[in-house]
Amino acid sequence: MAETSVTTKAGTGVVADPVPSALVSEYGRTSIADTVVSKIAGIAAREVTGVHNLGGGTARAVGLLRDRIPGSRTNLSQGVSVEVGEKQAAIDIEVVADYGVSIADLAQGIRRNVISAVERMTGLEVTEVNIAVSDVHLAGEDDSDDDTTEELPERRVQ
């Protein structure tokens, strides 16, 4: 292991360089894009029972429109924002919870699953996972306009 000379108020000393991570070694560096981490975190969060969807109202509305376009893919990182450094990542997730689940338990489960998946797949240390619950989904509510025969109200203006 390499050593580095450090000067402090107490004098000059020799300390060992920090242990290289899986991403930074003597042979080079591996960088991971923010989108990679956000997709992994989004998939891991959706795996937790009690998560109805990710993202706030606007993000979900845009996602519904995107899903209607032929050939489009679901945005797996919807509702997830990340900050990725050389060795660490911080993750923010916006969640719509199913009604009836304990939000505290749900948040704990999401954190555990996201940290496990991101650290295992990327080698990054996850420093924090912040969770914002933006809505509660009630059984019977539907986010999409499936081909229902519901009559639209008569327009008042033309």
For S102, the side chain to side chain contact (heavy atoms under 4.5 Å, CB included) test, sequence neighbours excluded, returns A104, D105
Restricting to non-hydrogen atoms, name the atom on A45 and the atom on V51 that form the minimum distance, rounded to 0.1 Å.
O-CG2, 3.4 Å
With sequence neighbours left out, write down each residue that passes side chain to side chain contact (heavy atoms under 4.5 Å, CB included) with V101, or none if nothing qualifies.
A97, D98, L106
List the residues meeting side chain to side chain contact (heavy atoms under 4.5 Å, CB included) with R112, not counting sequence neighbours, and say none if there are none.
Q108
How many angstroms lie between CD1 in I110 and OG1 in T49, if you round to the nearest 0.5 Å?
10.5 Å
As an exercise, state the distance from OG of S116 to CE of M121, rounded to the nearest 0.5 Å.
10.5 Å
Side chain to side chain contact (heavy atoms under 4.5 Å, CB included) against A139, all qualifying residues, sequence neighbours excluded:
none
Value rounded to 0.5 Å, distance of OG1 in T35 from CG in L76:
11.5 Å
Can a donor-acceptor pair be found, under 3.5 Å and without considering hydrogens, that links the side chain of E94 to the backbone of G79?
no
Please give me the minimum heavy-atom distance between V80 and A41, naming the atom from each residue.
CG1-CB, 4.0 Å
Any salt bridge (charged side-chain N to carboxylate O under 4.0 Å, His left out) involving residues 28-41? Give me the pairs, sequence neighbours left out, ordered by first then second residue.
R29-E86
So which atom in V96 and which in G55 form the shortest heavy-atom distance, rounded to 0.1 Å?
CG2-O, 3.7 Å
Throw together a table of side-chain donor-acceptor distances under 3.5 angstrom for residues 123-133, partners on residues two or more places apart or in other chains.
{"residue": "E125", "atom": "OE1", "partner": "Q88", "partner atom": "NE2", "Å": "3.0"}
{"residue": "T127", "atom": "OG1", "partner": "A89", "partner atom": "O", "Å": "3.3"}
{"residue": "E128", "atom": "OE2", "partner": "N130", "partner atom": "ND2", "Å": "3.0"}
{"residue": "N130", "atom": "ND2", "partner": "D92", "partner atom": "OD1", "Å": "2.9"}

Nearest 0.5 Å please: distance from the CD1 atom of I40 over to the CD1 atom of I91.
9.0 Å
Can you tell me how far apart OG (S134) and CD1 (I93) are? Round to the nearest 0.5 Å.
12.0 Å
Could you walk me through whether N53 and R46 pass the side-chain contact (heavy atoms from CB on, under 4.5 Å) test, one step at a time?
CA-CA 7 Å; N53 208 341; R46 283 180 175 85; 4.2 Å; yes
